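Take a look at the structure below.
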Amino acid sequence: MANPRVHEIASEIGVDSKVVLAKLKDMGEFVKASSSAVAPPVARKVKAALEADGVTQSGDAQSSGAAEKKSSAPKPGPKPPAKSAKPAAETGEAKPSSPPSPGSTAPNPGGTPPKSGSSAPNPGGTAPKSSGSAPNPGSEAPKPGGSAPKPGAAKPGAPKPSGPRPGNNPFASSQGMGIPRPPKPGNNPFSAQQGSRSGSRPNPGNIPRPAPRPQGAGAGRPGGPGRPGGGGRPGGGGGARPGAGAGAGGGFGAPRPGGGFAGRGRGGRGAGTAGAFGRGGSKSKARKSKRAKRAEFEMREAPSLGGVSIPRGTGDTPVRLRRGASLADFAEKIDTTASNLVTVLFHLGEMATATESLDEGTFQVLGEELGYKIQIVSPEDEDRELLEGFDIDIESELEEESDEQLQQRPPVVTVMGHVDHGKTRLLDAVRKANVGGGEAGGITQHIGAYQVHTEHEGKDRALTFIDTPGHEAFTAMRARGAQVTDIAILVVAADDGIMPQTIEALNHAQSAGVPIVVAVNKIDKEGANPQKVRQQLTEYNLVAEEYGGDVMFVDVSARNDVGITELLDAVLLTADAGLDLRANPDKDARGVAIEARLDKGRGSVATVLIQSGTLRVGDAIVTGTAYGRVRAMIDENGESVSEAVPSRPVLVQGLSSVPRAGDNFIVTPDDRTARQIAEKREAAERNAQLAKARKRISLEDFTKALEDGKVESLNLIIKGDVSGAVEALEESLMKIEVDDSVQLRILHRGVGAITASDIDLATIDNAIVLGFNVRPDVKARERAAREGIDIRFYNVIYNALDDIESSLKGMLKPEYEEVQSGVAEIREVFRSSKFGNIAGVIVRNGTITRNAKARVIREGVVLADGLAIESLRRFKDDVTEVKTDFEAGIGLGKFNDIQIGDEIETTEMVEKPRA
Ligand SMILES: Nc1nc2c(ncn2[C@@H]2O[C@H](COP(=O)(O)OP(=O)(O)OP(=O)(O)O)[C@@H](O)[C@H]2O)c(=O)[nH]1
């Protein structure tokens with residue numbers, strides 16, 4: 001099923017989209033808009049939740065939704081709502097040369113942002129001051145709650161705004177970065193609504209619009225210079241002001257539809273006025289306006305950080321992100337833009353692009369700053385959710401199975417124990433003891449697991465043995481979320497007793513909650529002391545039955561096939577006593593891949609262990625990121641089988657690639673689903689890897705890691721082909737002269753290929769691996785790629801020294817010099833009482849970077865130095881840099897003495913290369 005959209009869900013259950021959106025938000029699922037799609041499980045959840053809430057076709061929801069909608073559509077004719085009875089505030093921006101028809105008002109498709117009170121007067125808008133070159137400039141100040149509006153000079157007698165004015169905010173992302181041209185309404189450098197080509201701008205004063213109730217001075221000044229200022233801008237979040245509207249041809253902004261008024265006084269809406277700094281194009285206006293309104297609403301809601309405003313959480317507002325998510329993903333959940341988050345993160349000292357995968361730590365920092373509790377979805381949950389997206393919910397499937405559906409299945413057994421205690425030999429002995437199997441040739445194929453039969457208490461019983469002995473395989477599978485083992489046989493050689501890996505194995509089994517049967521092996525050997533083994537193991541909570549415990553110990557000789565049947569009996573007794581080994585065979589198969597390889601003739605072959613359901617030839621399956629159709633199945637006897645029931649291991653042919661041991665496998669309704677699941681998993685894995693890879697350290701970024709305090713020393717692991725080379729390299733490395741602030745640590749050195757355990761060590765200790773004439777083995781290479789470990793290969797010692805030395809030198813306190821990074825010419829000055837003057841510039845040279853140090857130069861003389869670029873915007877967006885020939889708006893903080901023609905030069909401190 002395709003992902004349903006919010007509005008589809010809404011109409012399905014007969015409520016307004018907003019209700020669904022709000023519920024989703026409550027559930028921690030931040031969905032942007034009613035057109036956003038949500039995953040089917042989320043859709044189900046929200047439907048269920050709403051139904052549980054008893055929300056049905058609620059009049060409230062409906063009507064408010066309708067109102068919302070209406071407000072976003074252009075309305076004909078003035079129709080001031082109740083609120084409009086408020087005292088006249090400011091005049092709106094009037095757009096000239098528009099026909100006096102109400103219909104000409106720019107529609108305000110964005111509608112009023114929720115909560116903001118559509119008819120609220122322009123918050124905080126400062127009335128524009130006319131600048132010399134801009135006789136009719138718009139007001140600049142922008143933010144709600146900003147400074148009190150001042151009546152514009154061009155509007156004598158206009159009533160003081162009774163409240164803040166919407167829009168007109170140089171910083172509001174709702175507003176395009178535009179350099180206003182002189183006689184222009186809404187002189188807002190950042191207004192998206194304003195084109196900068198003044199020539200084509202309509203004269204605000206000319207806009208005749210129907211004012212619903214022209215009251216207040218200045219209203220109805222036909223042909224007058226209309227109030228500059230963004231009062232009437234669509235981006236303004238509802239600037240309809242009663243009384244502000246001009247009478248016929250009034251120069252004041254008429255109420256705008258979006259502002260809660262029906263009248264649309266806004267005439268020429270700047271069609272074709274898309275200017276260098278503004279976006280006046282008519283076509284996209286509707287959309288822009290909507291976005292603008294939303295952004296402005298957010299702005300009111302949220303304090304600004306780094307010049308951008310982002311909806312804040314309460315501190316524990318949950319946001320669930322998958323591993324390897326990007327800022328864009330986060331932004332979507334909290335209803336902001338990725339570029340805003342990029343800016344905030346930048347202010348927190350981290351650089352990242354919108355789509356780059358970030359690690360959990362980075363999200364935690366960002367989340368904390370913004371008041372969100374970031375929950376990174378675990379791989380298991382992620383996969384569960386992924387499958388739920390395809391209507392596959394293994395857990396509830398299992399829960400719903402009734403006793404009648406469940407049938408007994410054989411226990412799955414893993415053999416563990418210390419090296420050389422006889423695990424392999426014991427598995428062979430069990431295979432040979434397969435008396436009940438009845439197959440002619442007996443077990444002939446190694447497929448990773450096999451099933452044997454034995455007579456137990458007069459009945460033929462089967463047992464499945466995993467043919468890869470040892471707890472490592474067991475744990476590796478567990479690490480992948482697969483628990484296949486029901487019972488562990490702990491092999492202890494009677495002549496050797498408890499050894500380190502015996503303890504390890506029993507710990508692993510116990511931590512997985514798997515019952516243990518102890519096989520005391522090699523009892524045929526001289527010096528064998530089975531009782532001692534029993535005694536020793538009591539210390540590890542494995543108390544033999546004869547000692548009053550509940551663990552079965554069986555003395556065996558794998559070599560002489562002694563005690564094997566007894567061992568199988570003990571396993572079955574233990575299983576029957578404590579485990580409910582039942583499964584439903586009558587459904588699509590679910591299981592785990594326990595071994596897989598690429599076979600020259602047969603392609604990918606994987607042994608899967610069926611855990612429930614029945615697998616049949618022809619089934620569409622997916623296991624991990626491999627998918628396909630079961631072309632053929634072979635059992636451990638080399639026989640073709642057409643179906644496999646629970647606890648049955650079979651070798652499956654037909655997968656697209658080789659899965660990993662421990663990957664879950666499922667039968668899907670069709671091939672397409674299998675492929676889609678595999679592809680989604682692959683993408684999820686890639687993301688997770690990217691996130692990890694970013695975390696690790698490389699020689700290049702070592703300096704930064706050190707500065708950030710992420711590492712304190714350069715940790716190295718050296719592997720070489722001969723011990724002489726390794727020693728020589730280590731010695732020379734230790735001789736590199738570095739100052740006290742930097743440490744070089746050789747964590748490990750050795751001869752031979754770079755192994756997976758070298759990579760593990762590097763992973764744990766953030767080390768870099770140096771290979772001198774050696775390469776990593778396949779496993780190590782794979783792991784290094786996965787963990788993002790930097791491996792360097794050398795065949796000349798000098799080169800290795802050189803690299804390390806340069807990296808270490810980077811760690812030494814760098815020397816900096818000042819270089820000019822960009823020059824911009826001021827083409828306009830926009831005044832804002834709240835933010836000071838904003839320079840509308842064109843970058844003439846280099847790049848202007850946010851946070852760079854700046855100086856202002858007038859006629860070749862440095863007027864001020866050491867200023868900070870406190871805001872840098874292009875159109876409505878905050879940006880981190882603006883390149884040559886692009887226009888931008890620059891805020892220099894408190895420094896306001898700027899004029900047209902001045903230059904802003906930025907400088908950067910650049911590290912001087914060491915001699
Ligand atoms: N005398 C005697 N020797 C045995 C017995 N079981 C295993 N051995 C021998 O012990 C040695 C190790 O046996 P394996 O089965 O390879 O032991 P393992 O635990 O699988 O060893 P690794 O695979 O290295 O962990 C072999 O030489 C076996 O022949 C037994 O019951 N009696």
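First listed ligand is number 1; within each ligand, the first listed atom is number 1. Please read all numbers here as calculations on a predicted model, not as lab measurements.
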N/O to N/O under 3.5 Å, ligand 1 against protein:
from: ligand 1; atom 1: 1 (N); to: Asp524; atom 2: OD2; distance (Å): 2.9
from: ligand 1; atom 1: 6 (N); to: Asn521; atom 2: ND2; distance (Å): 3.1
from: ligand 1; atom 1: 10 (O); to: Lys522; atom 2: NZ; distance (Å): 3.0
from: ligand 1; atom 1: 15 (O); to: Thr424; atom 2: N; distance (Å): 3.2
from: ligand 1; atom 1: 15 (O); to: Arg425; atom 2: N; distance (Å): 2.8
from: ligand 1; atom 1: 17 (O); to: Gly422; atom 2: N; distance (Å): 3.1
from: ligand 1; atom 1: 19 (O); to: Asp420; atom 2: N; distance (Å): 3.3
from: ligand 1; atom 1: 19 (O); to: His421; atom 2: N; distance (Å): 3.3
from: ligand 1; atom 1: 19 (O); to: Gly422; atom 2: N; distance (Å): 3.0
from: ligand 1; atom 1: 19 (O); to: Lys423; atom 2: N; distance (Å): 2.9
from: ligand 1; atom 1: 19 (O); to: Lys423; atom 2: NZ; distance (Å): 3.0
from: ligand 1; atom 1: 20 (O); to: Lys423; atom 2: N; distance (Å): 3.4
from: ligand 1; atom 1: 20 (O); to: Thr424; atom 2: N; distance (Å): 2.8
from: ligand 1; atom 1: 20 (O); to: Thr424; atom 2: OG1; distance (Å): 2.6
from: ligand 1; atom 1: 21 (O); to: Asp420; atom 2: N; distance (Å): 3.0
from: ligand 1; atom 1: 25 (O); to: Lys423; atom 2: NZ; distance (Å): 2.7
from: ligand 1; atom 1: 29 (O); to: Arg425; atom 2: NH1; distance (Å): 2.8
from: ligand 1; atom 1: 31 (O); to: Asn521; atom 2: OD1; distance (Å): 3.0
from: ligand 1; atom 1: 31 (O); to: Lys522; atom 2: N; distance (Å): 3.4
from: ligand 1; atom 1: 31 (O); to: Asp524; atom 2: OD1; distance (Å): 3.4
from: ligand 1; atom 1: 31 (O); to: Ser557; atom 2: OG; distance (Å): 3.4
from: ligand 1; atom 1: 31 (O); to: Ala558; atom 2: N; distance (Å): 2.9
from: ligand 1; atom 1: 31 (O); to: Arg559; atom 2: N; distance (Å): 3.2
from: ligand 1; atom 1: 32 (N); to: Asp524; atom 2: OD1; distance (Å): 2.7
from: ligand 1; atom 1: 32 (N); to: Asp524; atom 2: OD2; distance (Å): 3.4

Using the ring pair (Phe, Tyr, Trp, His ring centres under 6.0 Å) criterion, which residues pair with [X]? Sequence neighbours excluded.
{"X": "Phe772", "result": "none"}
{"X": "His748", "result": "none"}
{"X": "His418", "result": "His421"}

- Considering residues, nucleotides and ligands other than Asp550, do more than 12 of their heavy atoms fall under 6.0 Å from its CG? no
- Query: Crowded around Lys779 NZ? As in, over 12 foreign heavy atoms under 6.0 Å?
  - Reply: no
- Query: Are Lys587 and Glu397 ion-paired here, with the side-chain N under 4.0 Å from a carboxylate O?
  - Reply: yes
